[in-house]
Amino acid sequence: MAEPSVARAPWRAGSGPGRVLAVVYAFFALAAGARAGWQIATRFEEAPTAYALSALAAAIYLVAAIGLARPGTGSYTLAMVCCTIELVGVLAVGTVSVLLPEAFPRATVWSDYGIGYGFVPLVLPVLGLLWLWRARPLRHA
Amino acid sequence: MVDGLVIAITIAALLAAAFSALMAVLDRPPQLGQLISLGVVEALLVVQLVVALSRIFTGDGPQDLATFVGYLLTVVLIPPLAALLGWFERTRWGSTIMAVGCLVVPVLVVRLQQVWHG
């Protein structure tokens with residue numbers, strides 16, 4: 001709504017907590033990406049869907065990190081879209097992997113709500129969306 | 001791997017994380033002391049790198065060598081990156097970045113142990 005700009009929290013996208021999140025996202029993209037890359041290179045035929053999904057998830061984490069790290073509305077929208085995809089992805093794949101374990105014969109980043117990664121895949125998009133909501137740009141800034 | 005070294009790295013990293021987390025709670029940007037604490041962790045990680053590589057070259061390596069070396073090289077990069085990224089964010093969130101970086105180190109060291117023992 002039409003709050004005066006001075007009343008808005010001093011947070012701006014691309015600074016402060018957003019930078020912390022960007023660092024964590026970047027690290028997670030590296031961790032998930034390296035593992036997925038290794039799995040695809042050595043045993044892709046065992047579970048092509050699962051490994052391709054892990055690689056896709058890693059790519060989305062990387063894009064989210066870039067969106068979170070940079071100021072501007074374009075980056076903001078980019079981060080918002082990526083965090084939303086991650087949240088939907090981890091909830092959807094998590095639920096499917098619990099109900100139909102045979103759908104993903106090998107663990108993905110998002111299997112069982114990210115249990116193999118200490119539930120970080122579940123927590124990260126929630127934190128990301130909370131932060132983006134707090135740091136949302138003013139409509140007429 | 002050398003158990004004493006693993007314990008030393010874990011304790012040093014947790015202390016450094018607690019120190020930086022405290023500074024973040026006190027609303028302080030990164031100080032020289034935090035850089036030094038990350039430097040101590042990094043020094044121990046470099047010792048681990050040298051010890052592990054020398055054991056690998058004397059034929060005492062883990063089965064999954066590629067994964068092990070991947071973790072070994074990654075963990076050495078964490079404290080310098082956390083120090084760099086944290087230092088240039090001159091708010092409490094810079095201290096937070098350093099604390100998070102220090103918390104990642106024990107996780108990777110545990111993974112290293114698991115891979116080493118197969």
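Since this is a predicted model, take the numbers as computed values, not measurements.
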Quiz item: Would B:Val110 end up clustered with B:Val115 when hydrophobic side chains under 4.5 Å apart are linked, directly or stepwise?
Solution: no
Practice problem: Measure from the side-chain N and O atoms of B:Glu89 to the backbone N and O of A:Ser15, and report whether any donor-acceptor pair falls under 3.5 Å. | Solution: no
Self-check item: Contact summary for A:Trp38 and B:Ala66, nearest pair of heavy atoms
Solution: CH2-CB, 3.6 Å
Quiz item: Is there a path from A:Leu91 to A:Val120 through hydrophobic residues (I, L, V, M, F, W, Y) whose side chains come within less than 4.5 Å of each other?
Solution: yes
Quiz item: A:Tyr61: what forms a side chain to side chain donor-acceptor pair (under 3.5 Å) with it, not counting sequence neighbours?
Solution: A:Trp110
Quiz prompt | B:Ile97 portion near chain A, given a 4.5 angstrom heavy-atom threshold | solution = both
Quiz item: According to a 4.5 Å side-chain heavy-atom criterion applied to Ile, Leu, Val, Met, Phe, Trp and Tyr, with indirect links allowed, do B:Val47 and B:Leu15 form part of one hydrophobic cluster?
Solution: no
Practice problem: Please state whether the side chain, the backbone, both or neither of A:Leu30 comes within less than 4.5 Å of a heavy atom of chain B. | Solution: side chain
Quiz prompt | side chain to side chain contact (heavy atoms under 4.5 Å, CB included) assessment of A:Phe27 paired with B:Leu81 | solution = CA-CA 10 Å; A:Phe27 174 75; B:Leu81 280 177; over 6 Å; no
Quiz item: Above 12 or not: heavy atoms from other molecules or residues under 6.0 Å from CD of B:Gln63?
Solution: no
Quiz item: Just how far is it from atom OH of B:Tyr71 to atom CZ of A:Arg35, taken to the nearest 0.5 Å?
Solution: 6.5 Å
Self-check item: Contact listing (chain A partner; residues 99-109 of chain B; heavy atom under 4.5 Å)
Solution: B:Val100, B:Val104, B:Leu108
Quiz item: So which part of A:Val23 gets closer than 4.5 Å to some heavy atom of chain B, the side chain, the backbone, both or neither?
Solution: side chain
Exercise. Tell me whether A:Tyr76 is reachable from A:Val63 by hopping between hydrophobic residues (I, L, V, M, F, W, Y) whose side-chain heavy atoms are closer than 4.5 Å.
Key: no
Quiz item: Linking I/L/V/M/F/W/Y whenever their side-chain heavy atoms sit closer than 4.5 Å, directly or via other members, would A:Tyr113 and A:Val24 fall into one cluster?
Solution: yes
